[in-house]
Engineer: 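Dropping a structure here in structure tokens format, bear with me for questions.
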Amino acid sequence: MLNTSQIKKDFPLFTHHPDLVYLDSAATALKTQGVIDAERAYLEEYSTNVMRGLYPLAETATEKFEMTREKMATFIGAKSSSEIIFTSGTTDALNLVSKLLASQIEKGDTLVTTAMEHHSNFLPWKELAKTKSADLHIVSLTKEGMIDRESLKKSIDEHTKIASFSAVSNVLGTINPVKEIIALIRSINPKTLIVIDAAQAVCHMPMSVSDWDADFVAFSGHKMFGPTGTGILYGKYSLLETLPPVNFGGGMVLDSCAEDTLYKESPYCFEAGTPNIGGMIALGSAIDYIENIGLQNIHLHETTLASYAIEKLKETFGEDISIIGPSKKEKRSGIIAFTLANVHPHDIAGILGEQNICVRAGEHCTTPLHHSLRLSATTRLSLSIYNNENDIDKFISVLKEIQAMFLNK
Amino acid sequence: MSLYQDLILDHYRNPRNQGTLKNATHSADAANLSCGDKLHIDIIVKNDIIEEVKFSGSGCAISQSSASLLTEHIRKHTVKQALSLEPKDILDLILVTLSPARLKCGLLSLETVKKALNQEK
């Protein structure tokens, strides 16, 4: 296990709230001192625009901004930094890729997604299908919350243009075997473009977009200790160089007066307007921090703690507790969603919140998943490197009070 | 102060006026879609007086206990009195202050009652 008392010192939020039990890192991760310092340094010392300034300060800003692109490419196993498009988050990245691919979709084509997707990897495809009179196939899940291979095979055929699924479910905690699923899809239709929502995977386990052989991968910076308003769309360069831009404005054009406007190459043609410069520079610091701890160590820490939490929950609450998602621990990330008898999750989260314990309750932006599970809401805890067994014990102890309060136990 | 005071827990555990009315003159359904709170209200109005009122539904303690407290409050009141209730009156009934995130839970019962009284079967 990681030395969490040492790690907590790297997150200034714990200086302000020493007793806080933060179990909501799947919503957003806390920020490191390094990230805060990097953003502050940009704002205080060289808050100039990137790409166009010819004076030293603007050159410094551009250099540091581009350094994050380089680091990010290495971090996720991309072949080059020109495959890294800066966005404002996963949602922005998934909307962008749906717009980039829209011109290729015709009536009668199919788009494929799964029943475990976050709204941000569901609604863009639903809308695209509607606009183009294409069909949207939703792959169903097994009882344990894994992608059902048989349902997947039935959903993919020669009409499938795009298939999109998440690497890790934000509710079930399921770790999908991304590489295998991509290979399975390609074995049925090699032309299918494959999009991966990696928002809940990116700083929780080793991953390589090249090894996956994904065409596009989207994730957020703020879930990996970086600032909000930062995100990435990875795209294979061989695809990106064929795609026309969809957002237009400053910074993405070479010749705007030519009859056929001449745009910059990827990734710049996809990044119109002034970006979140300080945020992206700070995201570079988050990458350094994660690499220093090591993704394998992070994964081991979070999954070991998740197993501890699941065992404690079952041991303490017996039949009252129902944990959704895979039962095998090697198929689970550090995300645990549950119900406690008929106690409403908003009451659970409300009372935990009053005791300084932060969890999320509701549908977690996955209404289709909750409908398929016949649940109106769940309570979710999501773990990160600063969590330890003590956090879980405090959470369990308040949950026991809640059980007594609502179930007279 | 905790939101989960004895009054709210009492009304959540032992809801008053829970059920349905076959002879209702006014009924309505409402829901907080994002959190899953659901309410159905049946009311019998005679000579402009709320003679009987029942609620059924599911949801968090705040939404269900406020329905229990509100239905107790409006019985024998006039329709006009019930329609003139405002959000702050609900907070006075449940005796806690609700954060913006929980306000819609507390106000669902008022929304459903007004919806019922504004439409006839």
Side-chain angles (χ1 to χ4, degrees), chain A residues 24 27-28 118-120 122-123 170-171 320 322 324 337-380 397-409, chain B residues 1-16 18-19 29-41 55-70 87 90-91 93-112:
Chain A
D24 199 19
T28 195
H118 188 283
H119 289 162
S120 61
F122 173 64
L123 295 176
N170 72 314
V171 179
D320 279 346
S322 171
I324 62 170
F338 68 91
T339 56
L340 180 70
N342 61 350
V343 186
H344 196 282
H346 281 193
D347 292 324
I348 296 175
I351 295 168
L352 286 164
E354 287 174 353
Q355 304 282 332
N356 251 340
I357 300 171
C358 311
V359 300
R360 171 110 184 237
E363 294 180 329
H364 321 290
C365 303
T366 58
T367 308
L369 173 65
H370 277 74
H371 281 188
S372 76
L373 296 169
R374 297 180 202 287
L375 291 170
S376 60
T378 51
T379 307
R380 178 186 76 183
S397 132
V398 177
L399 199 58
K400 267 162 91 171
E401 289 173 27
I402 295 169
Q403 186 191 33
M405 200 187 282
F406 284 85
L407 303 171
N408 296 320
K409 284 195 176 169
Chain B
M1 187 179 82
S2 170
L3 204 55
Y4 296 87
Q5 297 297 304
D6 290 346
L7 179 72
I8 284 181
L9 289 173
D10 175 39
H11 277 261
Y12 179 68
R13 290 190 192 125
N14 311 299
R16 325 299 199 258
Q18 202 175 36
D29 291 287
N32 285 325
L33 286 180
S34 61
C35 51
D37 297 333
K38 282 178 199 161
L39 271 189
H40 174 81
I41 299 256
F55 81 94
S56 57
S58 60
C60 68
I62 308 302
S63 71
Q64 302 301 306
S65 61
S66 86
S68 175
L69 283 154
L70 178 64
I90 299 295
L91 300 184
L93 279 178
I94 64 176
L95 297 176
V96 287
T97 311
L98 296 175
S99 65
R102 299 307 292 275
L103 201 57
K104 62 181 194 313
C105 314
L107 297 182
L108 182 64
S109 53
L110 182 62
E111 182 195 328
T112 321

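What you see is a predicted model; the values in this text were computed from it and never measured. So that the names make sense, note that chain A is the first sequence line, chain B the second, and so on, each numbered from 1.
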Engineer: How long is the straight-line distance from CG of Leu340(A) back to CG of Leu399(A), given to the nearest 0.5 Å?
Structural biologist: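 CG of Leu340(A) is found 5.0 Å from CG of Leu399(A).
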Engineer: Chain A and chain B: which donor-acceptor pairs fall below 3.5 Å?
Structural biologist:
| from | atom 1 | to | atom 2 | distance (Å) |
| --- | --- | --- | --- | --- |
| His344(A) | NE2 | Cys35(B) | O | 3.0 |
| His346(A) | O | Arg102(B) | NH1 | 3.2 |
| Asp347(A) | OD1 | Tyr4(B) | OH | 2.8 |
| Asp347(A) | OD1 | Ala61(B) | N | 3.2 |
| Asp347(A) | OD1 | Arg102(B) | NH2 | 3.2 |
| Asp347(A) | OD2 | Ala61(B) | N | 2.5 |
| Glu354(A) | OE1 | Ser2(B) | OG | 2.7 |
| Glu354(A) | OE2 | Ser2(B) | OG | 3.4 |
| Glu354(A) | OE2 | Leu3(B) | N | 2.6 |
| Met405(A) | O | Arg13(B) | NE | 2.9 |
| Met405(A) | O | Arg13(B) | NH2 | 2.3 |

Engineer: What part of Leu3(B) gets within 4.5 angstrom of chain A, counting heavy atoms only: side chain, backbone, both, or neither?
Structural biologist: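 Looking at Leu3(B), backbone and side chain both touch chain A.
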Engineer: Going by side chain to side chain donor-acceptor pair (under 3.5 Å), name the residues that satisfy it together with Thr28(A), two or more places apart in sequence or in a different chain.
Structural biologist: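 Here the qualifying residues are Lys31(A), His222(A).
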Engineer: SG/Cys365(A) to CG/Leu123(A) distance, rounded to the nearest 0.5 angstrom?
Structural biologist: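 It comes to 9.5 Å.
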Engineer: Flag the pair Ile402(A) / Leu352(A) as yes when at least one side-chain heavy-atom distance between them is below 4.5 Å, and no otherwise.
Structural biologist: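 Sidechains of Leu352(A) and Ile402(A): in contact.
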Engineer: Using 0.5 Å steps for rounding, measure from the CZ atom of Phe406(A) to the CD1 atom of Ile351(A).
Structural biologist: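 It comes to 4.0 Å.
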Engineer: When you compare the side chain of Leu103(B) with that of Leu91(B), does any pair of heavy atoms fall below 4.5 Å?
Structural biologist: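 Yes, close enough: below the 4.5 Å cut-off.
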